[in-house]
2 protein chains.
Amino acid sequence: MPGPGRPREFDRTSALDAAVRVFWRQGYEGTSLRDLTAAMGIGRPSLYAAFGGKEQLFRAVVARYRETEMAYVRAALDRPTAHEVAEALLHGQLDALRRPGLPAGCLSVQGAAAVSAGNAGVAEFLAAGRLAGEAALAERFARAVDEGDLPPGTDPAALARFLQVVLEGQAVHAAAGVGSADLARSAELALRAVPAGGRRRRAPR
Amino acid sequence: MPGPGRPREFDRTSALDAAVRVFWRQGYEGTSLRDLTAAMGIGRPSLYAAFGGKEQLFRAVVARYRETEMAYVRAALDRPTAHEVAEALLHGQLDALRRPGLPAGCLSVQGAAAVSAGNAGVAEFLAAGRLAGEAALAERFARAVDEGDLPPGTDPAALARFLQVVLEGQAVHAAAGVGSADLARSAELALRAVPAGGRRRRAPR
DNA sequence: TTACCTCTGTACCGAACAGTACAGAAGTTC
DNA sequence: GAACTTCTGTACTGTTCGGTACAGAGGTAA
C-alpha cells in the first residue's frame with residue numbers, strides 16, 4: 001500500500017541482492033557507486049534515498065548476506081551434539097560455496113580484509129561480526145561440555161576458535177578458486193578435532 | 001659504485017620495506033600513491049623510476065614480504081618429519097604475528113582479497129602464490145609418506161590443504177585483532193591432524 | 001482539479017585517483 | 001672546465017571517486 005508521493009520503481013530487496021553480489025565479488029573499496037547502480041538498475045539518487053549511501057548500503061548488504069547465504073549457521077547451532085554442530089557448519093559452508101553463479105569465497109571474510117584508513121570502520125564491522133559468530137559457537141560448545149556431550153576439560157573457546165579459523169581459511173581458499181570437492185577433504189580433517197558421540201572419545205588435551 | 005648521472009637519494013630496500021607496511025595494512029586498492037610516497041619518503045617520479053608503478057611496486061613488495069616476513073616457511077619445509085614441518089609452520093606464523101609494530105594479519109591473504117574488475121590480476125597473483133605454497137607443502141608431505149614418516153594411505157595433498165587453510169584462517173583471525181596467545185590454542189588443535197613420530201599413530205582416513 | 005509528496009534522471013560538486021612532462025639539480029666521465 | 005646521464009620536485013594531465021542540487025515525473029488525498 002503506497003502512501004502519498006511517487007512510488008518507488010524498483011524492488012528494494014532485489015536491488016539489495018544485486019548489491020550483495022557486487023560487494024561480494026569486489027569488496028567494499030573495490031566497488032564503486034557506478035558498479036552498484038549499474039548492477040542494481042537504479043540511479044544514484046535512488047540508491048541514496050533508499051539506502052543512505054555506500055557504507056550504509058554495505059551494512060545492509062552484509063545483513064542480507066547473513067540472512068540468506070549464511071542461514072546454515074543458525075541452523076547448525078541447533079544441532080543436538082557439538083560434533084553435529086561442527087559438521088553442519090563445515091558442510092553448510094561447502095554447500096554454500098558450491099552454489100553456481102555466485103562469487104567465490106565469503107563476503108564477510110573478503111569484503112573488507114584490508115582497507116584504507118578512512119574505511120577502517122568497515123573492516124572492524126566485519127571482523128566484529130565474525131568474532132561474534134565465534135563467541136556464539138563457543139557458547140554452544142560450553143553448553144555441550146555441560147551436557148556431557150563434549151568431554152570434561154574441553155576448552156570450548158579454543159575449539160570454537162579453531163573451527164572459526166578453519167571456516168575463514170576455507171573461505172580464503174575458495175576465493176582462490178579451489179573447488180568444494182577439494183575443500184571437503186580438508187574440512188573432514190578439521191572435523192576430527194571435534195569429539196563425536198557422548199563420551200566415547202578422549203578429551204582434547 | 002654509482003655510474004654516471006645523479007645518484008639516487010634514497011635506499012631502495014628501505015623504501016620497499018616502508019611500502020610493505022603500507023600495503024600490508026591497507027591492501028592493494030586501499031593504498032594510494034600518496035600513502036606510498038609519504039611512507040617511503042620519496043617523490044612520485046622517483047617511485048615510478050625505481051619501481052615502475054603501483055602494481056609493479058606491489059609485486060616487489062610481495063616478493064620482499066615473502067623473503068622477510070615469511071622466511072620461516074622455507075625453514076619449516078626442511079624439518080625432518082612432517083609433524084615438525086607442520087609445527088614449524090604454525091609456530092613460525094604465530095611468532096611472525098607476535099612481532100610488535102607491524103600490521104596484523106598477512107599481506108598475502110588480505111592484500112587483495114576482493115578487488116575491482118580492473119585489478120583482478122593482482123588478486124590472482126596473490127592467490128596463485130598461496131596455492132604454490134600449498135603445492136610445495138603437499139610435495140613435502142608426499143615425501144614424508146614415501147619415507148614412512150607419515151602413515152601409508154595418508155593423502156598428502158589433503159593434509160597440505162588443511163594446513164594451508166588453517167594458516168590462512170589464522171591470518172584472517174589475526175587481522176581481526178585476535179592475539180597470538182589465543183591463536184596458539186587453535187593452532188594446537190590443528191597440529192593434531194598431522195600424525196607425529198614414525199608409525200605410532202593410525203593413518204588419517 | 002488542485003495541492004501535496006516522493007521518486008527519478010541529469011548534471012554537477014570538490015576531492016582524490018594513477019600516471020607523466022618538464023625543468024633544474026647533482027653526480028660521473030672525458 | 002664541458003658534455004652527459006640520471007634523479008628530484010613541481011605542476012599538470014584526464015579520469016574517477018562519493019555525494020548532492022534541482023527540475024520534472026508520477027503518484028495519493030482532498
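Just so we're on the same page: letters track the sequence lines, and every chain starts at 1. Bear in mind that the values here come from a model prediction, so they are computed numbers and not experimental data.
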Just how far, in rounded Å, is [atom2] of [N] from [atom1] of [X]?
X       : N      : atom1 : atom2 : answer
B:Lys54 : C:dA16 : NZ    : P     : 16 Å
A:Tyr48 : D:dA21 : OH    : C1'   : 14 Å
A:Leu47 : C:dC7  : CG    : P     : 13 Å
A:Glu9  : D:dG27 : CD    : P     : 8 Å
A:Phe51 : C:dC7  : CZ    : P     : 12 Å
B:Gln26 : C:dA16 : CD    : C1'   : 14 Å

Among D:dC17, D:dT10, C:dG19, the one nearest A:Arg34 by side-chain distance: D:dC17
Can you tell me which nucleotide in D:dG19, D:dT8, D:dT20 comes closest to the side chain of B:Phe10? D:dT8
Closest-nucleotide 5' rank along DNA chain D - winner of B:Gly43 and A:Glu29: B:Gly43
Ignoring backbone atoms, test whether A:Ser32 places a side-chain nitrogen or oxygen under 4.0 Å from the OP1 or OP2 oxygen of D:dC17. yes
Under 4.0 Å between a side-chain N/O of B:Arg8 and OP1 or OP2 of D:dC7, yes or no? yes
Heavy-atom side-chain proximity of A:Leu189 to B:Val165 below 4.5 angstrom: no
Counting only distance, no hydrogens or angles, is the base of C:dG19 paired donor-acceptor with the side chain of B:Arg44 under 3.5 Å? yes
Is a side-chain donor or acceptor of B:Asp11 paired with a backbone partner of B:Ser14 at a separation under 3.5 angstrom? yes
Taking for each residue the nucleotide of DNA chain C bearing the nearest heavy atom, is the 5' side occupied by B:Arg6 or by B:Leu33? B:Leu33
In terms of side-chain geometry, is the basic nitrogen of B:Arg143 or B:Asp146 positioned less than 4.0 Å from the acidic oxygen of its partner? no
Taken to the nearest 0.5 Å, the spacing of B:Glu69 CD from B:Gln93 CD works out to 12.5 Å
Interatomic distance, A:Leu36 atom CG to A:Phe51 atom CZ [nearest 0.5 angstrom]: 10.0 Å
Using a cut-off of 4.0 Å on non-hydrogen atoms, how would the nucleic acid contact of A:Thr31 be classed: base, sugar-phosphate, or nothing? sugar-phosphate
